[in-house]
Amino acid sequence: MGKPSAPPQPLAAPPPMPMPRLPAPATCQVRCAGCRTILAVAPGMTEFGCPTCKLPQRLPPELMRSAVPHPPPPLPLPLQLPPPQAQGIDPTKIQLPCAHCKALLNVPHGLSRFACPQCGIDLAVDVSKLNSYPEPPEEVNEFLVLRRLFEWRNLANPLPGVCYGYCKTALDRVIQCSLVAIDVEREEDEGGPVGETFMDYRPLKLSIGPSHPDPIVETSSLSAVQPPEPTYDLRIKKDLERSKSLSCLQIETIVYACQRHKQKLMNGARAGFFIGDGAGVGKGRTIAGLIWENWNLGRRKALWISVGSDLKFDARRDLDDVGATCIEVHALNKLTYSKLDSKSVGIREGVVFSTYSSLIASSEKGRTRLQQLLQWCGSDYKGLVVFDECHKAKNLIPEAGSQPTRTGEAVLELQARLPKARVIYCSATGASEPRNLGYMVRLGLWGAGTCFLDFRDFLDSLDKGGVGALELVAMDMKARGMYVCRTLSYEGVEFEVVEAPLDVEMLDMYKKAAEFWAELRVELLAASACLSEDKPNSSQLWRLYWASHQRFFRHLCMSAKVPAAVSLAKKALAENKCVVIGLQSTGEARTEEAVTKYGLELDDFVSGPRELLLKFVEENYPLPPKPDSLPGGEESVKELQRKRHSANPGVSFNGRVRKVAKWKAESNGESDEESETESDHNSTESDDEFQICEICSSEVERKKSLSCSCCGHLVHPACVVPPIIDSVPEDWSCRSCKEKTDEYLQARRIYLAELLKRYEAAMERKSKILEIIRSLGLPNNPLDDLIDQLGGPDNVAEITGRRGMLVRASNGKGVVYQARNSKDVTMEMVNMHEKQVFMDGKKFVAVISEAGSAGVSLHADRRALNQRRRVHLTLELPWSADRAIQQFGRTHRSNQTSAPEYRLLFTDLGGERRFASIVAKRKALYGSIRCSLLSFILYRAGPSLSAYNYDSGYGKRALMLMYRGILEQESLPVVPPGCSSEKPDTIDDFIIKAKAALVSVGIVRDTLLGNGKEYGKFSGRIVDSDMHDVGRFLNRLLGLPPEIQNRLFELFVSILDLLIQNARREGHFDSGIVDMKANTVELKEKPKTVHVDKMSGASTVLFAFIMDRGVTWELATTLLEEQKSSGYDNSNDGFYESKREWMGKRHFLLAFEGSTSGMFKLFRPAVGEALREMPLQELKSKYRRISSPEKARKGWEAEYETSSSQCMHGPKCKLGGFCTVGRRLQEVNVLGGLILPVWGTIEKALSKQARQSHKRIRVVRIETTTDNQRIVGLLIPNAAVKSVLQDLEWVQEIDD
């Protein structure tokens, strides 16, 4: 960073006098009060922050006096401050200029007040503003960023004649002049634009077999990696050449898989292979070819594990297609739990086809399918184990707080118990996230012989690597011959986003439903408060409440799109096309519950949301316990008396132990034994014969007395009123006991009556709630409604997982529940039957769900009778990218006569509307989708199907800022939607509504209504776990009325956009793989091999490129002329120069209006086209338009020449020749080829770099302009190359 230049000398001023220099006091050392680290405190500092634990603190009092320098003596006026001598820049601190003497100070992070060590003036930093922005990454732009963020105040009395305003003006001039360098540096830190995502694919090292019937593509990053040389000789090669049943792509996969299976991992297990091909490449037939190859080599057993039992028929078809008709396919779910090779079952060889559900199944006797398969294979098993659609096991390593699935554990155990098995992983979405690779232990990416100790270590490293790290893993796997990933090109596919706004009726229905759920929550809170504190199911109640809440509003959103889906379907049918409608849930559970409750014949279709609400309230409404019947009658009294009689006499009626005084006679010291014996004998005789009457206190003979059955006291029969003359009843009780019994019974009656009253009141409230639910106008089950409006089951093929459905009665009155299968079709085969009916053209509409359509082909197959073009409607798009890709792959496959049309339906609610706008923006950016939709969904949209992953670090930060703003703990970083900063009342009104909305969905808790000045305002809190829980926020958001729901979501997204925009500006944002483009890109020297993999022979190579990014004057004028001739000429188009000088020079650029009005494209002489367009207002504030072409030419050519050997920071740049900011001729070092084995070494080398952006692992793509050689790898900063080579230790030039 350059030093601030000294202000010019005022006119007619006397010569400046040098400032007296005081001896600098020595640095003092103190121990941090937090982490106990020894800190060196610079002279003059009394308050500071620890760089390790960030704890703000101050010097002890005994060190204060020695630390503060004496104030400087008065200075003569007018003043000219000489620039201080630079003492060096500490990159671990913030560099700030003193407002008085302009010395550049190294200020520790967290320090708010200090004294300038040179002039002694007191300075302060506004730390609250610092916390709202990300930490600046580079020393070169800290000067600008901190000037914006910090407010400097002169705390001492101003010196006479010191013109602080003049110093500020000089400071502003320096800052404005550095804007150009900062803009350029930010663009370089962000990387570059993302280029073409996919490339055409064809095998380069194999020429066996015919071409694939349809165009196949591969990601451009994978296409930059060459697989190893094929060395495996196929046993079935001649058969395949003769039959031509497999394409060259499928044969290539078989060769590399068999070649990989010959290798052993460091732990002794056989290496596995991953087929990541998308729909249409023919994974099933490839698997069949692998089984056929192993069969011919004597390995006659194979395990094929997939997602559905229906796919067993596809497996049979694929085996027949490759000529393996002799191999039997056995469905495991049809077999008993006996040994497979026993006489009763008789399976000695062939393919055992199992589902993942069967893999974890067990019999009543405890025998599992997994044990059955392991016994059949044997410990020395060397055959195939195919995990088809292996993404079903992806949750082996779940998110924090979750448990691994049984499926993932079973897949892991099967591999561990069969170490010699030839494992095949097969899925188009198996590696969508690094976490999903946890079960793929046979790939050898972690563990013994790698730089990752275990999968957790591997996962942590990839998380640090950012978006492009997983792509690097894929490249690494391809280079080592363990992975292929091709997909069918989406050329010809039409893609459209259809917004289905809520009509007036649905809008009113949604609003009432949201209000009802809020009222129901209040009612449940009140009802729960009336229960006893030891009620055990309170937490369970709220878990069920929020789960039902989410399902309810998802059903409501889907129902809102039914009219639009029906309209689009009828339009497609009228155009001689056929329709496929995709959804996720069928509502079968609600339908079956309604049929069980009301019968098989109903008046109308079942409303899923209504039945869900009814079930929740009926089963979970908090009720007090129903009281027992009131005791009454003679038997009840006798029972109560018997209980009292059997009670311990030493225990009172309420259960407390009576305290009885103990008396002991004095002993005379004579024979104790004799005395005790006599005493006992006499006492026993006395107790048996005589007792004391409780009424008259005289002796009474036991045989002639009355004994109370309750308390056991004895009385004379004559003492009782009235006297008892006849025989004494056995259950007689005294008067006192009778009175106590009567009192107890009376209290009991009153208590039980009160309980009964409460119970009946609660039942009445519950009944009223149920009546309200039944009166709500809620929509029917979307699936039944769709089928009914499109012609019923006779015209619509249903391929779902449900067993029964409601159909319109033949007389048109009401609906009838019936099974989906018929007499001729079993329930197991009903989906296959419906699929065939659709493919034969007997039905032209198909409705599919995830449960029923996995692996099903519904495309316009040339072999099918129904070759109409498919129109694929997504009524309910899944929130998982994996599932979305699986659904889209049903209608776009190989060997089709026409590509499908995709219509994505979205409402105008919350996230759906946001995603619709992003999809439209992507379509405008990329035009018609020419490449794979996999790219769009997975790499562009992300796991949450949005431009940003909301549940990311930025999303959590945005949510926290929004919550704090709504709770008025701090100001909102953006103006809320529908509000104006000029009208604070609108913002206050929004905050009140937003707070009330968050209260209604349970996010804001412990709410209180203010009094006095705070009357009408809510106060509450949000628990820490909710402050960052984006998923919970998005789910709860559904339960709000549309108006406040949309405003809250727009506020959240606006804050998220701001954070991402700031991260991009400061160079923090990870945008994945970016292209490094230039006019000319050439290799500087021969690439250097820095590592070779012993197993595969793949190498890690360091490439050095020379890039010329500049734009000549001739090219710049040509660009401007083309813009004018295109008809988009703007009066502001032309050449500009910076208003201020930087390093004694002005900078030039070409600007003309881009595709968006008011936004201008920028071209610079040194670095070419800028990544971002600049608003006109910003352009005019930094630059001025040049009217003279000659002046523009001279300035442009001068900057073009200078930038060939010098960066924008000038010849004294602290990074020297390593700095590339604004340098036209730039050296770029990229580490390509095999990356994973040296990952740890690269991380270590980059961590030593001074610039923050150089510490990040960045994945780049670069292509030479001479021979179009494409390299994808890690960008190694020039300053780090030496360190990387030293750590790798071995350098070898690549052989020619």
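Source: prediction; values computed, not measured.
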Does [X] reach the side chain of [Y], with side-chain heavy atoms less than 4.5 Å apart?
{"X": "L234", "Y": "E293", "value": "yes"}
{"X": "L1236", "Y": "F458", "value": "yes"}
{"X": "Y201", "Y": "H212", "value": "no"}
{"X": "T800", "Y": "I848", "value": "no"}
{"X": "R202", "Y": "C248", "value": "no"}
{"X": "Y256", "Y": "K478", "value": "no"}
{"X": "L222", "Y": "V484", "value": "no"}
{"X": "L240", "Y": "I208", "value": "no"}

Taking [X] for the side chain and [Y] for the main chain, is one N or O donor matched with an acceptor at less than 3.5 Å?
{"X": "K301", "Y": "W376", "value": "yes"}
{"X": "Q259", "Y": "T231", "value": "yes"}
{"X": "T891", "Y": "L858", "value": "no"}
{"X": "T450", "Y": "F452", "value": "yes"}
{"X": "R300", "Y": "W295", "value": "yes"}
{"X": "Y232", "Y": "K262", "value": "no"}
{"X": "Q250", "Y": "S247", "value": "yes"}
{"X": "K205", "Y": "P230", "value": "no"}
{"X": "R406", "Y": "I360", "value": "yes"}
{"X": "D388", "Y": "V307", "value": "no"}

Just jot down the side-chain contact (heavy atoms from CB on, under 4.5 Å) partners of [X], sequence neighbours excluded, or say none.
{"X": "A224", "value": "R1270, V1272"}
{"X": "D320", "value": "R316, T325"}
{"X": "D321", "value": "R285, R317, D318"}

For [X] and [Y], which heavy atoms make the closest approach, and how far apart are they?
{"X": "L204", "Y": "Q226", "answer": "CD1-OE1, 3.5 Å"}
{"X": "L370", "Y": "E413", "answer": "CD2-OE1, 3.3 Å"}
{"X": "S306", "Y": "F353", "answer": "CB-CZ, 3.7 Å"}
{"X": "C377", "Y": "L303", "answer": "SG-CD1, 3.6 Å"}
{"X": "Y356", "Y": "V411", "answer": "CE2-CG2, 4.0 Å"}
{"X": "L246", "Y": "P210", "answer": "O-CD, 3.2 Å"}

Is a salt bridge present between R480 and D476, judged by a nitrogen-to-oxygen distance below 4.0 Å?
->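 Here R480 pairs with D476 in a salt bridge, since their nearest N and O are under 4.0 Å apart.
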Between D454 and R456, does at least one N-O distance fall below 4.0 Å, as a salt bridge requires?
->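 No.
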Would you compute the distance between atom [atom1] of [X] and atom [atom2] of [Y] and round it to the nearest 0.5 angstrom?
{"X": "W446", "Y": "C451", "atom1": "CH2", "atom2": "SG", "result": "12.5 Å"}
{"X": "N895", "Y": "L488", "atom1": "CG", "atom2": "CG", "result": "10.5 Å"}
{"X": "T407", "Y": "L412", "atom1": "OG1", "atom2": "CG", "result": "12.5 Å"}
{"X": "I305", "Y": "L373", "atom1": "CD1", "atom2": "CG", "result": "6.5 Å"}
{"X": "L472", "Y": "W1239", "atom1": "CG", "atom2": "CH2", "result": "5.5 Å"}
{"X": "M482", "Y": "I275", "atom1": "CE", "atom2": "CD1", "result": "14.0 Å"}

What salt bridge (Lys or Arg N to Asp or Glu O under 4.0 Å) pairs are there with at least one residue in residues 327-346, not counting sequence neighbours?
->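 For residues 327-346, and leaving out neighbouring residues, the salt bridge (Lys or Arg N to Asp or Glu O under 4.0 Å) pairs sorted by first residue read K334-E828.
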Residue pairs, two or more places apart or on separate chains, that pass salt bridge (Lys or Arg N to Asp or Glu O under 4.0 Å) and touch residues 362-386 =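 Every salt bridge (Lys or Arg N to Asp or Glu O under 4.0 Å) pair that includes a residue of residues 362-386, provided the two are not neighbours, is D380-K420.
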In terms of the angle between their ring planes, are Y425 and F387 parallel, tilted or perpendicular, with boundaries placed at 30° and 60°?
->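 Parallel, since the angle between the ring planes stays under 30°.
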Does the side chain of T355 pick up a donor-acceptor pair with the side chain of S357 at under 3.5 Å?
->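 Result is no, nothing qualifies.
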Show your working on side-chain contact (heavy atoms from CB on, under 4.5 Å) between L384 and R299 and close with a plain yes or no.
-> CA-CA 8 Å; L384 280 174; R299 295 183 279 271; over 6 Å; no
Begin from the C-alpha positions of E471 and T219 and carry the test side-chain contact (heavy atoms from CB on, under 4.5 Å) through to its verdict.
-> CA-CA 9 Å; E471 190 74 8; T219 61; 3.2 Å; yes
Other residues, nucleotides, ligands: >12 heavy atoms within 6.0 Å of [X] [atom1]:
{"X": "R417", "atom1": "CZ", "value": "no"}
{"X": "K1244", "atom1": "NZ", "value": "no"}
{"X": "M266", "atom1": "CE", "value": "no"}

For residues 266-283, pull every pair meeting side chain to side chain donor-acceptor pair (under 3.5 Å), keeping only residues two or more places apart or in separate chains.
->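 Checked against side chain to side chain donor-acceptor pair (under 3.5 Å) - neighbours excluded - the pairs reaching residues 266-283 are D277-R486.
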In a check of side-chain contact (heavy atoms from CB on, under 4.5 Å) between F273 and each of V423, I424, L290, L443, which one passes?
->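 The option that passes is I424.
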From CA spacing to verdict: side-chain contact (heavy atoms from CB on, under 4.5 Å), Q375, Q371 = CA-CA 6 Å; Q375 182 276 327; Q371 293 173 345; over 6 Å; no
